[in-house]
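Working notes, structure below.
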Amino acid sequence: MDFTKLARKYQTPLYVYDFDYIRERFDSVKEAFRARKSLVCYALKANSNLSVLKHLATLGAGCDCVSAGEVKRALLAGVAKYKIIFSGVGKDDGEIEFALKEDILMLNIESEAELKRVEKIAENLKVTARISIRVNPDVDAKTHPYISTGLKKNKFGVDINTAKKLYIYCKNSPFLEPIGIHCHIGSQILDIAPYRDATAVTAELLRSLKALEIDIKFFDVGGGVGIRYKDEVTIEPYNFAQAVLANLSGTDVTIVCELGRFLVGNSGYLLTKVLYEKHNGERRFVIVDAAMNDLIRPSLYDAYHEIEAVDKNGGGTLADVVGPICESGDFLAKDVILPPLEHGDLLVVKSAGAYGFSMSSNYNSRLRAAEVAVESGKERLIRRREEFEDLVRLETEYLEGADEENR
Ligand code: LLP
């Protein structure tokens with residue numbers, strides 16, 4: 001990929017996504033589940049750019065959404081309604097109503113209180129809500145505590161016994177139709193064992209529900225398969241599928257997975273230019289034009305993203321790569337080896353396709369980056385760079401004195 005050309009044409013900071021890579025990743029998951037009916041519901045929180053969604057939808061993906069906004073994005077990008085699922089611990093009434101009216105595939109329910117709310121809203125709308133229940137299997141995914149979700153102490157899902165009770169409740173409600181079982185144990189998972197353990201728990205529930213004549217059609221194993229940022233040994237799609245399928249012999253369910261990072265993480269690059277270099281005592285700082293508002297993962301999780309100087313020889317000395325934001329937590333990397341750099345030199349931050357732009361903000365009134373897709377050697381803009389007017393549009397009309405007529 002010609003980063004220099006892209007940076008010249010679209011300026012920096014710039015997100016660039018390799019759409020061919022996304023296709024390869026998607027195909028590898030479908031291939032791994034080839035022996036079964038499967039539905040890959042892309043977790044669009046990882047990267048919700050409409051063109052990314054459309055690309056995946058064209059390949060056959062559904063979407064896992066966590067807000068009405070995400071459901072709307074999926075619909076706008078052309079994702080089929082019957083491939084959209086809606087997860088999340090705190091759906092509000094408006095969101096539930098919207099999802100039911102849009103008739104999406106199912107809502108993943110995370111508590112008894114939420115189930116009752118969905119039932120009430122479905123009754124008001126005179127519809128039957130297709131649901132699945134998120135089971136918290138109490139399994140340790142051994143990942144960063146902020147992104148581990150399958151332990152009893154986490155806020156997600158319900159325990160197995162409560163889940164069973166809720167399914168029985170649904171069976172007796174004319175407004176609830178339980179069609180799925182859901183489980184998601186965390187993110188950036190590198191070990192296959194937690195998947196096997198979690199699906200063992202949910203598969204047992206599946207069988208006991210069958211005995212109660214509750215017909216579950218979708219077995220949703222969540223997402224979370226990790227990627228390589230540095231030197232991690234990651235899970236192969238085939239092994240992921242085997243771990244899931246190990247407990248499902250003799251069952252006839254569609255396997256749903258909600259992968260986000262796996263599909264898009266390594267497809268993305270954040271291009272940024274060097275503004276200045278400085279030394280404070282012993283420490284070398286490379287100040288760049290991207291910041292924690294563009295990519296918050298290093299600041300928030302101490303996450304590692306490889307950074308390389310484009311068109312420079314290797315070697316160099318240790319440096320911290322930091323942004324212009326007024327916080328010491330504003331860094332993209334610490335203690336990385338970089339060659340001598342000067343104003344205008346280009347750096348590329350790798351593996352930035354997931355939870356990069358989608359977690360970006362306007363902190364310090366910074367304009368969010370542009371996004372570009374590269375497919376079959378051709379690039380195209382998929383989100384224009386923000387302008388100052390975009391930043392203040394929702395405030396200017398309320399500015400006292402700004403518009404005489406409004407007073
Ligand atoms: N399904 C559910 C219900 C989820 O909560 C998540 C992620 C996924 C699927 C997709 O997980 P993935 O396949 O992308 O690992 N901001 C963090 C990651 C937060 C993940 C939250 N839930 C990060 O930058 O590492």
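Atoms within each ligand, like the ligands themselves, are counted from 1 in listed order. For the numbers below, each heavy atom of this structure counts, side chains included, while hydrogens, waters and symmetry mates do not. The structure displayed is predicted, hence computed values, not measured ones.
- In this structure, a donor-acceptor pair under 3.5 Å is present between the side chains of Ser173 and Glu119.
- For Gly224, the closest heavy-atom approach to ligand 1 falls below 4.0 Å.
- Residue contacts with ligand 1: Tyr301 is included, with a non-hydrogen atom under 4.0 Å away.
- Using a 4.5 Å heavy-atom cutoff, the side chains of Asp294 and Arg366 are in contact.
- Cation-pi contact between Lys278 and Tyr276: absent, since separation from the ring centre below 6.0 Å together with deviation from the ring axis within 45° is not met.
- In terms of polar-atom proximity, defined here as any N/O pair under 3.5 Å, Ser187 does make such a contact with ligand 1.
- Ring geometry for Tyr269 against Phe3 counts as tilted: the plane angle lies between 30° and 60°, on a 0 to 90° scale.
- The proximity of Glu258 to ligand 1, defined as any non-hydrogen pair under 4.0 Å, involves the side chain as well as the backbone.
- If you number the atoms of ligand 1 from 1 as listed, the ones under 4.0 Å from a heavy atom of Asp64 come out as 1 (N), 2 (C), 9 (C).
- Residues Glu110 and Asn136 have side chains that never bring a donor and an acceptor to within less than 3.5 angstrom of each other.
- Of the inter-residue distances, the one linking Phe240 atom CZ with Arg196 atom CZ reads 12.5 Å to the nearest 0.5 angstrom.
- Every atom of ligand 1 is numbered from 1 in the order shown, and the set under 4.0 Å from a heavy atom of Ala43 is 8 (C), 9 (C), 10 (C).
- Distances below 4.0 Å separate heavy atoms of Leu259 from the following atoms of ligand 1: 13 (O).
- If you number the atoms of ligand 1 from 1 as listed, the ones under 4.0 Å from a heavy atom of Arg134 come out as 3 (C).
- Lys45 has no carboxylate O lying under 4.0 Å from a charged side-chain N of Glu70, or vice versa, which leaves the two without a salt bridge.
- Taking a cut-off of under 4.0 Å to the non-hydrogen atoms of Arg261, the atoms of ligand 1 that pass are 12 (P), 13 (O), 14 (O), 18 (C), 23 (C), 25 (O).
- Within the set Tyr355, Tyr42, Phe262, Tyr229, the minimum heavy-atom distance to atom 11 (O) of ligand 1 is found for Tyr355.
- When the side-chain hydrogen bond (donor to acceptor under 3.5 Å, both in side chains) test is applied to Ser267, no partner is found at least two apart in sequence or on another chain.
- Taking every heavy atom of Gly260 and a limit of under 4.0 angstrom, the matching atoms of ligand 1 come to 12 (P), 13 (O), 14 (O).
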